[in-house]
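For reference, the structure discussed in these notes is given below.
Numbers restart at 1 for each chain; the letters A, B, ... are given by sequence-line order, proteins then strands.
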Protein chains: 2
Amino acid sequence: MTTSRRAKPETVTIRDIAARADVSPITVSRALRGSEVVRPETREHIARIARELGYIPNFAAGMLTSKVSSMIAVIVPNMANSIFATTLQEIGEGVGEDGYQLLIGCSDYSLEREEELVRTFLSRQTDAIVLTGHLHTPATEKMLRQSRVPVVEMWSLSGAPLGVSIGVNNYDAAVTATEHLISRGRRRIAYIGGDPSGNDRAQARIQGYRDTLEKAGLDFDPALLRTGSFEFDTGAEAVSFFVEEGLDVDAIFAASDIIALGVILELNRRRIAMPEKIAVCGFDDARIAQMVQPALTTIKFPRREIGQRVAEALLAMLSGRAPPQKTCDIGYSLIVRETT
Amino acid sequence: MTTSRRAKPETVTIRDIAARADVSPITVSRALRGSEVVRPETREHIARIARELGYIPNFAAGMLTSKVSSMIAVIVPNMANSIFATTLQEIGEGVGEDGYQLLIGCSDYSLEREEELVRTFLSRQTDAIVLTGHLHTPATEKMLRQSRVPVVEMWSLSGAPLGVSIGVNNYDAAVTATEHLISRGRRRIAYIGGDPSGNDRAQARIQGYRDTLEKAGLDFDPALLRTGSFEFDTGAEAVSFFVEEGLDVDAIFAASDIIALGVILELNRRRIAMPEKIAVCGFDDARIAQMVQPALTTIKFPRREIGQRVAEALLAMLSGRAPPQKTCDIGYSLIVRETT
DNA sequence: CACAAGAATGATAACGGTGTCATTTCATGG
DNA sequence: CCATGAAATGACACCGTTATCATTCTTGTG
């Protein structure tokens, strides 16, 4: 029982390995990182000792000098929303092979919360930061500019991104959907989507919807604009609201397929015929869109691609290369099915 | 242009603040951490200067001495699965108020991958580790035991957890569901769920299903056991398989409501009556279960509660208190609706 | 065989905080 | 006016790793 000093026998450091291998700590450091300059036999020898001793490296120590954390921060409004969950999954897989870990924060659609998160992520020296959307507080933008951390903004497009922008043109997509409903002879088109405050995706979609109505000479009726969370309920409740208030509605544009599904299920329950009485257009082309009856007309975009592109751009920036492009529009298309 | 030494003017440290405030660095450290021993005026003064200089603390440096990272690692099989996404969200919210950040890893249902993740999380000195399930490689268990990091295992229950166990008794739940189907006079009961390899939740459910069949004197037919990912398609494809192979099936137990939804939609499409021809029981009581037609009979459990309990237990352990209990069964109940 | 050039390894000093214990300051009461 | 103890502040070392530059060891070559 020759405990070295105090009762803290656990932590094995590179010094312990160095002593056993009869080399200097720095050689151990190099060997464990797989440096080419260390002789292969030495490297192996050190690796074996490290294994024997159950060595666990201390990232914090390394970070302090090397300034590299191998962590990437991602801020999403909400993880439970499948669209963001999928994106996180893709990003995680994409950067994981290069040894990066995801540090995830939820902003709850609050720009102040986002600012807070950015602050702590900078403290943690994440090697890059991924944000959702282009709407940020001035303080957030200032911090990011000053820190010189690679930044990716996703899910909406911006002409002047902080770093790289990868997403969908939400405005155009909403225009396409609304025009489609109008082309089907609809005049009283409702919109159901997320709360636009602090959410540039929602803002852009609503704007596209309103502008298109106006262009077609249709009035915008505030009563037909419903917002809520991205859940089935939001769609179902909106339908109930329209019916119970006796509002005249002949089409619904739902800013998410989940919401649209709620709409469809509620219309089915109320035996309101689609598309005869009410036409429905969704957004996302989730798997469920083609399985539900009637099958949902929707705006499709390559959802997994966003995460993949983000990962690509991150790896490019982190390895010093230039990202493929400043702004990447992943595009969308209208999939017409039975609800319109 | 009096750059101090090299072209690295950016990083503001507590030393810079100390110089400006005419105090020692350690006082700055204490002040910024809100220590009571520093005079309030001094504290404020230092805080103001820190703000002026745009000081961003360096967690890594602090971690090195204090051994506290304020990070909690969570390993889930898959983030895109809404059940885990919700749990992550809850855990994040629960521990976020106390300043903890979530470091998330995806094991892809692989125990080896989990081992790897645990290793890097230990390297990063996360203050606690949350795992999904109780099935781990021996190396994983050894590392966790040695490291003395607080561990929570969630979503399944174990008599001998590594730390704290919070979840559902998957075996009992499957027994209940299967018994219910049998009580409805069904004899040819199919099971559709996740791949059981490396997944103790799936294993327990399948075991419960098989044991119950046996107890009722029913044969287990391997052809009626279908596994796949937790997506609509798995359910829909299984139904197509049963029909196309001409298999006699009068009930389906789906180990997830998403899968069950796929089953219902496919049965609807094929105009197979529920519950007359085929009874269906789901698992989860997702919102969609009561909206779909016919409404889905399912095993309900307080899904959000798991995340909340995990967060609670974590905070307790991290603040030195004992967790509420070693093993926490959040319970479940059978919700009978129209599909059985 | 001496010597240059590369290969392999090492010594030293940070990196930016914080734990520990020592010191100074200050009000209080005898 | 000084002893006393609490309040406030400071000095120093160290956390575990790595960047930087220096040193030693090989090896091939004229």
Side-chain angles (χ1 to χ4, degrees), chain A residues 4-46 49-50 53-70 120 122-125 127 147, chain B residues 4-46 49-50 53-70 120 122-125 127 147:
Chain A
S4 59
R5 209 172 299 183
R6 272 175 253 181
K8 203 203 279 176
E10 301 308 333
T11 13
V12 178
T13 75
I14 55 170
R15 263 177 263 269
D16 301 324
I17 301 175
R20 275 257 227 149
D22 203 34
V23 294
S24 71
I26 190 67
T27 301
V28 176
S29 169
R30 282 197 273 251
L32 293 178
R33 276 179 296 162
S35 164
E36 288 295 321
V37 308
V38 178
R39 206 150 37 99
E41 311 130 53
T42 317
R43 229 186 303 166
E44 246 176 76
H45 183 212
I46 290 175
I49 294 184
L53 264 49
Y55 170 71
I56 290 182
N58 182 329
F59 260 85
M63 271 169 73
L64 205 51
T65 27
S66 71
K67 310 281 184 214
V68 174
S69 67
S70 294
T120 76
L122 288 177
S123 274
R124 292 183 186 282
Q125 323 247 158
D127 297 338
S147 71
Chain B
S4 57
R5 210 173 298 184
R6 273 175 252 182
K8 203 203 278 172
E10 300 308 333
T11 13
V12 178
T13 76
I14 55 170
R15 267 174 255 270
D16 300 323
I17 302 175
R20 275 256 227 149
D22 203 34
V23 294
S24 71
I26 190 68
T27 301
V28 175
S29 168
R30 283 197 274 252
L32 293 178
R33 275 179 297 162
S35 164
E36 288 294 321
V37 310
V38 179
R39 203 149 38 101
E41 310 131 55
T42 316
R43 228 186 304 165
E44 247 177 73
H45 184 211
I46 290 176
I49 293 184
L53 293 173
Y55 170 71
I56 291 182
N58 183 329
F59 260 86
M63 273 168 73
L64 206 50
T65 22
S66 70
K67 309 280 183 215
V68 173
S69 67
S70 293
T120 77
L122 289 176
S123 274
R124 293 183 185 281
Q125 323 247 156
D127 297 337
S147 71

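Taking only side-chain nitrogens and oxygens, Arg39(B) comes nearer than 4.0 Å to OP1 or OP2 of dT9(D). The shortest distance between the side-chain N/O atoms of Lys67(B) and the OP1/OP2 oxygens of dT18(C) is not below 4.0 Å. Checking the phosphate oxygens (OP1, OP2) of dA8(C), no side-chain nitrogen or oxygen of Thr27(A) falls inside 4.0 Å. Here Ser24(B) reaches the OP1 or OP2 of dG10(D): one of its side-chain N or O atoms lies under 4.0 Å away.
With contacts defined as side-chain heavy-atom distances shorter than 4.5 Å, the pair Val68(A)/Ser70(A) qualifies. No side-chain heavy atom of Glu41(A) sits under 4.5 Å from any side-chain heavy atom of Glu44(A).
In this structure, CG of Asn58(B) is placed 18 Å from P of dC15(D), rounded to the nearest angstrom. Atom pair Gln125(B):CD and dT17(D):P shows a separation of 9 Å (rounding to whole Å applied). In this structure, Arg43(A) places its CZ atom 10 Å from P of dT9(C), rounding to the nearest Å. At whole-Å resolution of the value, CD1 in Ile26(B) and C1' in dA8(D) are 13 Å apart. Counting to the nearest Å, the P atom of dG16(C) and the CZ atom of Phe59(B) are 16 Å from each other. Between the CD atom of Glu44(B) and the C1' atom of dA8(D) there is a distance of 17 Å, given to the nearest Å. The separation between Leu64(A) atom CG and dC15(D) atom P is 13 Å, rounded to whole Å. Distance Arg15(B) CZ to dG10(D) P: 14 Å, rounded to the nearest Å.
When each of Ile49(A), Val28(A), Ile17(A), Ile46(A) is tested with Tyr55(A) by the rule side chain to side chain contact (heavy atoms under 4.5 Å, CB included), just one qualifies, namely Ile17(A).
Considering only side-chain atoms of Arg33(B), the nucleotide from dT18(C), dT9(D), dG16(D) that sits closest is dT18(C). Checking dT9(D), dT18(D), dG10(D) against every side-chain atom of Val23(B), the shortest atom distance belongs to dG10(D).
Residue whose closest nucleotide on DNA chain D sits further toward the 5' end, between Pro40(B) and Tyr55(A): Pro40(B).
Rounded to the nearest 0.5 Å, atoms CG (Leu64(B)) and CE (Met63(A)) are 10.5 Å apart.
Side-chain N/O atoms of Ser123(B) and Thr120(B) include no donor and acceptor closer than 3.5 Å.
Judged by distance alone, with hydrogens and angles left aside, Arg30(A) brings a side-chain donor or acceptor within reach of the base of dG10(C), the pair sitting under 3.5 Å.
Using a 4.0 Å heavy-atom criterion, one finds that Pro57(A) contacts the sugar-phosphate atoms exclusively.
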